[in-house]
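Worksheet: the structure to be examined is printed underneath.
For ligands, and for the atoms within them, numbers begin at 1 and follow the listed sequence.
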Amino acid sequence: MSRFLKEQYQAMEAYTPGEQPRDMQYIKLNTNESPYPPAPSVVEAMTGEQVELLRLYSDPTAKNLKEKLAGMYGVRPENVFVSNGSDEVLNFAFMAFGGQGVVFPDISYGFYEVFADLYAINAEKIPLEEDFSIDYHKYCGKNKLVVIANPNAPTGMTLPVEQIEEIVKSNPDAVVVIDEAYVDFGGETCLPLIRKYDNLLVTRTFSKSRCLAGGRLGYAFASPEIIADLEKIKYSTNPYNINRLTLLLGEKTVEAEGYYQEKCREIEETRAWTAAKLEKLGFTVLPSKANFIFVKTDKMDGGELYRTLKAKGILVRHFTNPRICQYNRVTIGTKAQMEAFVDTLKEVLL
Ligand code: PMP
């Protein structure tokens, strides 16, 4: 740390992304990326000509992409925001709407706490229930920024849309953010509620179900007023927040919806297959609607299992928080990757 850093940032702990090791080839089941490439039409869109066009700035209004997303999801372009990964729209939401404080579950996406720290927002962390579910009553009538991932991470567990509606309805003077990064793997979206409530912000990403984590593209839906606020923040920080190539690939991705639907169904099948195999091996597997499962075994400590798998070339995500340190979060890869994962588990546990 230099002596120039503002005092407010000195004690701040930054977000730690999942490992992206370069030392050897791993079966990478640690950061919830898709194991599949983008659709062929998306890959083909990346031409030398497009790279040459990088001399020009990208469209700060992201008009084409917003129109395509609006068309696909049956909303108006004024209801759509696009961002550099969904991390960026979450960042903007904390910056814009965290004035009265923020509330989120104690076990959820680790970045929420970092954003709260970054903007010195008072954060109330509500413990998940014993079974890792969310009791929606605890988020009602807070009238401060509410942030819930649905499905939640790292559990993969979901909250019914009727319960989300209760949360939104009971916090009329605050924004409720529903982070739907993982909704495409069997979850239920609360998107239709944006028509009824002007305080709901639904965030999404191309990083998981759209096989584009490295492209850094997120999006969100809300009332035109909330979107206008987010645009204000964007134009005050980085107007060209999404590069030209990613904007183009995003548009092509929306056009290839069928391909991605098919890949999501494959992930769901592989998830069911993997969960069944793990349960047979004696694992506890939380019920997941995401592209990962959260699992533990009595046969080996969570941290030790993580390290053992890593030594054998399989990366999973382990968290040191005492409440979940016996678990590991395992991204659903291809069937072949999951077979290798299950075989390795048998080798180290049986
Ligand atoms: N929300 C949740 C719950 C996540 O797990 C992630 C991925 N780490 C994100 C948002 C952000 O993803 P991205 O910035 O790649 O869209």
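- The single protein non-hydrogen atom nearest to atom 3 (C) of ligand 1 is D179 OD2, 3.4 Å, given as residue, atom name and distance.
- For atom 8 (N) of ligand 1, the nearest protein heavy atom (residue, atom name, distance) is Y109 OH, 3.3 Å.
- In this structure, F206 and Y219 have perpendicular ring planes: the angle between them is above 60°, well past the 30° mark.
- In this pair, F115 and F111 present their aromatic rings parallel. The plane angle is below 30°, not in the 30 to 60° band.
- Looking at K208 against ligand 1, only its side chain comes within 4.0 Å, counting heavy atoms.
- Contact annotation for F111 and ligand 1: no heavy atom of the residue comes within less than 4.0 Å of the ligand.
- Y119 and F94 have their aromatic ring centers separated by at least 6.0 angstrom.
- The proximity of A181 to ligand 1, defined as any non-hydrogen pair under 4.0 Å, is limited to the side chain.
- Atom 5 (O) of ligand 1 has its closest protein heavy atom at Y182 OH, 2.7 Å.
- The closest protein non-hydrogen atom to atom 12 (O) of ligand 1 is S86 OG, 3.5 Å.
- Classified by interplanar angle (parallel below 30°, tilted 30° to 60°, perpendicular above 60°), the ring pair F294/Y327 is parallel.
- Taking every heavy atom of G85 and a limit of under 4.0 angstrom, the matching atoms of ligand 1 come to 14 (O), 16 (O).
- Close approach of ligand 1 to S207 is summarised as follows: ligand atoms under 4.0 Å from at least one heavy atom of the residue are 13 (P), 15 (O), 16 (O).
- On a distance-only criterion, D87 and ligand 1 share at least one N/O pair closer than 3.5 Å.
- Salt bridge present: E129 and K138 bring a charged side-chain N and a carboxylate O closer than 4.0 Å.
- Listed by number with element, the atoms of ligand 1 under 4.0 Å from a non-hydrogen atom of R216 are 13 (P), 14 (O), 15 (O).
- When all heavy atoms of S209 and C264 are compared, the closest pair comes out as CB-SG, 3.6 Å.
- The shortest separation from a heavy atom of F206 to ligand 1 is not under 4.0 Å, leaving the residue out of contact.
- At a threshold of 4.5 Å between non-hydrogen side-chain atoms, the residues F81 and K234 count as touching.
- Ring to ring, Y112 and Y109 are close: their centroids are under 6.0 angstrom apart.
- Where the criterion is an N or O separation shorter than 3.5 Å, residue side chain and backbone included, Y112 fails it with respect to ligand 1.
- A salt bridge between R210 and E257 is present, with a side-chain N of the basic residue lying under 4.0 Å from a carboxylate O of the acidic one.
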